[in-house]
Amino acid sequence: MLKAVEDALADYNIQMKSRLDLVVFRYAAEHVCRISRIIKQPYGNALLVGMGGSGRQSLTRLAAFMADYKLFSIEISKGYGMMEWREDLKKVLTQAGSLGHPTVFLFNDSQMKDDSFLEDINNILNTGEVPNLFAKDEVVGIMEAVTPRAKRSGKPLTPAGLWAFFLDSVQVNLHLVLTMSPVGGAFRERLRQFPSLVNCTTIDWFSVWPDDALKSVANKFLPAMEPASNQEGDSSVGNSALRSAVEDVCILFHTSIRTLVQDYKK
């Protein structure tokens, strides 16, 4: 499993403009497998719950690449508002529904400039559409685009039949992956307000990194060490032991700070 994920990561960094500087350890590979299994299912959507920096977005990008899916994510700017959000929704729904391209829509709670964003996502999870999103001429264009595929599938070529085929294509091809932090009351309140976030997704919890994961990260990012010399001048003795000890100290720093934070909260 680790070898497959490492090979996919190497291919990603060769083919994509933005590199993923990841350390592949068992904990990360398990989450990649879970996300991959979810998005490869028809109507498969994921809710990834964990703290920022736990790898939710990076592992989703890697899983989408491994599945050969297109990945869509909004770009928040100072002037980004409801109009820009609706235009982005049109793009991703058209890509998945009209063109029939399997697509992963990655959305982070930090991108939520307005609660109405979540209301639209709740509607997409539930029915595959956002009410009154498309203008009449855009609806006609969508129907024309899906007609050949609907005909091959034996669906009725009526306006209602074509629109139903479009919505079904959206739900089959569009996979929403929502990344949220459980910290604070906002997370619980959003789940209460928008039940489809739970009912129409598979939840994957990103818990605390285990010690072997922390050691793998330390091993990768620590600079190469000069061989340590003993009193007799043997420079080959103790180098690996010294490096391992430094890695263990890095783990200790991380875990002890985590413990102090929990004590401070109390």
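Side chains are part of it too, since the values below use all heavy atoms of this structure and drop only hydrogens, waters and symmetry mates.
Expressed to the nearest 0.5 Å, how far CG of Leu20 lies from OG of Ser58 amounts to 5.5 Å. Atom CZ in Phe117 sits 8.5 Å away from atom CG in Leu89 (nearest 0.5 Å). Taking CG of Asp114 as the start and CH2 of Trp85 as the end, the distance is 10.5 Å to the nearest 0.5 Å. Between Met16 atom CE and Leu9 atom CG the span is 12.0 Å, to the nearest 0.5 Å. Within the model, atoms CD1 of Ile203 and CD1 of Ile38 stand 10.0 Å from one another, a figure rounded to the nearest 0.5 Å. Between the CG atom of Leu157 and the CE atom of Met143 there is a distance of 11.5 Å, given to the nearest 0.5 Å.
Looking at Leu167 and Thr127, their side chains never come closer than 4.5 Å, going by heavy atoms from C-beta outward. Phe107 is not listed as a side-chain neighbour of Thr179, based on a closest heavy-atom distance of 4.5 Å or more. Residues Phe134 and Leu93 have side chains in contact (heavy-atom distance under 4.5 Å, counting atoms from C-beta outward). Between Val172 and Pro102 the shortest side-chain heavy-atom distance does not fall below 4.5 Å. In this structure, the side chains of Leu22 and Leu59 come closer than 4.5 Å at one or more pairs of heavy atoms.
Nearest approach of Gly97 to Val170, heavy atoms of both residues: CA-CG2, 3.7 Å. When every heavy atom of Pro148 is checked against every heavy atom of Ala145, the shortest pair comes out as CD-O, 3.6 Å. In plain terms, the two heavy atoms of Asp88 and Phe72 that are nearest each other are O-CZ, 3.6 Å. When all heavy atoms are compared, the tightest approach of Met82 to Ser116 is SD-OG, 3.2 Å. Here the closest heavy-atom approach between residue Asn126 and residue Ser196 is recorded as CB-OG, 3.6 Å. Contact between His175 and Asn173 at its shortest, heavy atoms only, is CD2-O, 3.3 Å.
For the pair Asn123 (side chain) and Val130 (backbone), a donor-acceptor distance under 3.5 Å is absent. Of the possible donor and acceptor atoms, none in the side chain of Tyr80 sits under 3.5 Å from a partner among the backbone N and O of Gln111. A distance-only check finds no donor-acceptor pair linking the side chain of Lys70 to the backbone of Ala96 [under 3.5 Å]. No donor-acceptor distance shorter than 3.5 angstrom exists from the side chain of Gln57 to the backbone of Asn108, with no hydrogens or angles considered. Looking only at distances, no side-chain donor or acceptor of Arg34 sits under 3.5 Å from a matching main-chain atom of Asp204. Ser54 contributes a side-chain N or O that, together with a main-chain N or O of Met51, makes up a donor-acceptor pair within less than 3.5 Å. A distance-only check finds no donor-acceptor pair linking the side chain of Asn13 to the backbone of Arg19 [under 3.5 Å].
By the criterion of side-chain heavy atoms lying less than 4.5 angstrom apart, applied directly or through intervening Ile, Leu, Val, Met, Phe, Trp or Tyr residues, Val177 is grouped together with Tyr12 in one hydrophobic cluster. Connection of Leu48 to Tyr69 is established within a shared hydrophobic cluster, with ILVMFWY side chains joined at heavy-atom distances below 4.5 Å, either directly or through further cluster members. Leu106 and Val92 fall into different hydrophobic clusters, defined by Ile, Leu, Val, Met, Phe, Trp and Tyr side-chain heavy atoms under 4.5 Å apart, directly or through other members. The cluster map of Ile, Leu, Val, Met, Phe, Trp and Tyr, joined by side-chain heavy atoms under 4.5 Å apart, puts Ile39 and Ile121 in different clusters. Put simply, Leu191 and Leu178 are part of the same group of oily side chains (I, L, V, M, F, W, Y) that touch within less than 4.5 Å, one to the next.
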Would you tabulate the side-chain donor-acceptor contacts of residues 180-189 under 3.5 Å, counting partners in other chains and residues two or more places apart, or write 'none'?
{"residue": "Ser181", "atom": "OG", "partner": "Val183", "partner atom": "N", "Å": "3.3"}
{"residue": "Glu189", "atom": "OE1", "partner": "Arg192", "partner atom": "NH2", "Å": "2.7"}
{"residue": "Glu189", "atom": "OE2", "partner": "Gln193", "partner atom": "NE2", "Å": "3.4"}

Leu125 and Leu197: CA distance, side-chain angles, deciding distance, side-chain contact (heavy atoms from CB on, under 4.5 Å) verdict: CA-CA 8 Å; Leu125 288 170; Leu197 297 181; 3.9 Å; yes
Trace of the side-chain contact (heavy atoms from CB on, under 4.5 Å) decision for Met112 with Asp115: CA-CA 7 Å; Met112 197 182 312; Asp115 281 345; 4.1 Å; yes
Pair Phe166-Leu162, side-chain contact (heavy atoms from CB on, under 4.5 Å): steps then yes or no: CA-CA 6 Å; Phe166 168 73; Leu162 292 173; over 6 Å; no
Stepwise side-chain contact (heavy atoms from CB on, under 4.5 Å) check, Val146 with Trp163: CA-CA 9 Å; Val146 301; Trp163 187 250; over 6 Å; no
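If you check the side chains of Ser169 and Arg149, you find a donor sitting under 3.5 Å from an acceptor.
Enclosure of atom NZ in Lys151 is not indicated, since only 12 or fewer non-hydrogen atoms of other residues, nucleotides or ligands lie within 6.0 angstrom. Within 6.0 Å of atom CG in Asn132, 12 or fewer heavy atoms from other residues, nucleotides or ligands are found, so the atom counts as exposed in its surroundings.
Partners of Asp168 by salt bridge (Lys or Arg N to Asp or Glu O under 4.0 Å), not counting sequence neighbours: none found. Partners of Arg86 by salt bridge (Lys or Arg N to Asp or Glu O under 4.0 Å), not counting sequence neighbours, listed by chain and number: Asp120.
Using the six-membered ring where Trp is involved, Tyr27 and His31 have ring planes that are perpendicular, over 60° apart on the 30 and 60° scheme.
For residues 129-141, the set of pairs meeting the salt bridge (Lys or Arg N to Asp or Glu O under 4.0 Å) definition, not counting sequence neighbours, comprises Lys90-Glu138. Sequence neighbours left out, not one pair with a member in residues 74-84 passes salt bridge (Lys or Arg N to Asp or Glu O under 4.0 Å).
Through direct or indirect side-chain contacts shorter than 4.5 Å among Ile, Leu, Val, Met, Phe, Trp and Tyr, Leu99 is connected to no other residue.
For Lys91 and Glu87, the salt-bridge test fails: no basic side-chain N is under 4.0 Å from an acidic carboxylate O.
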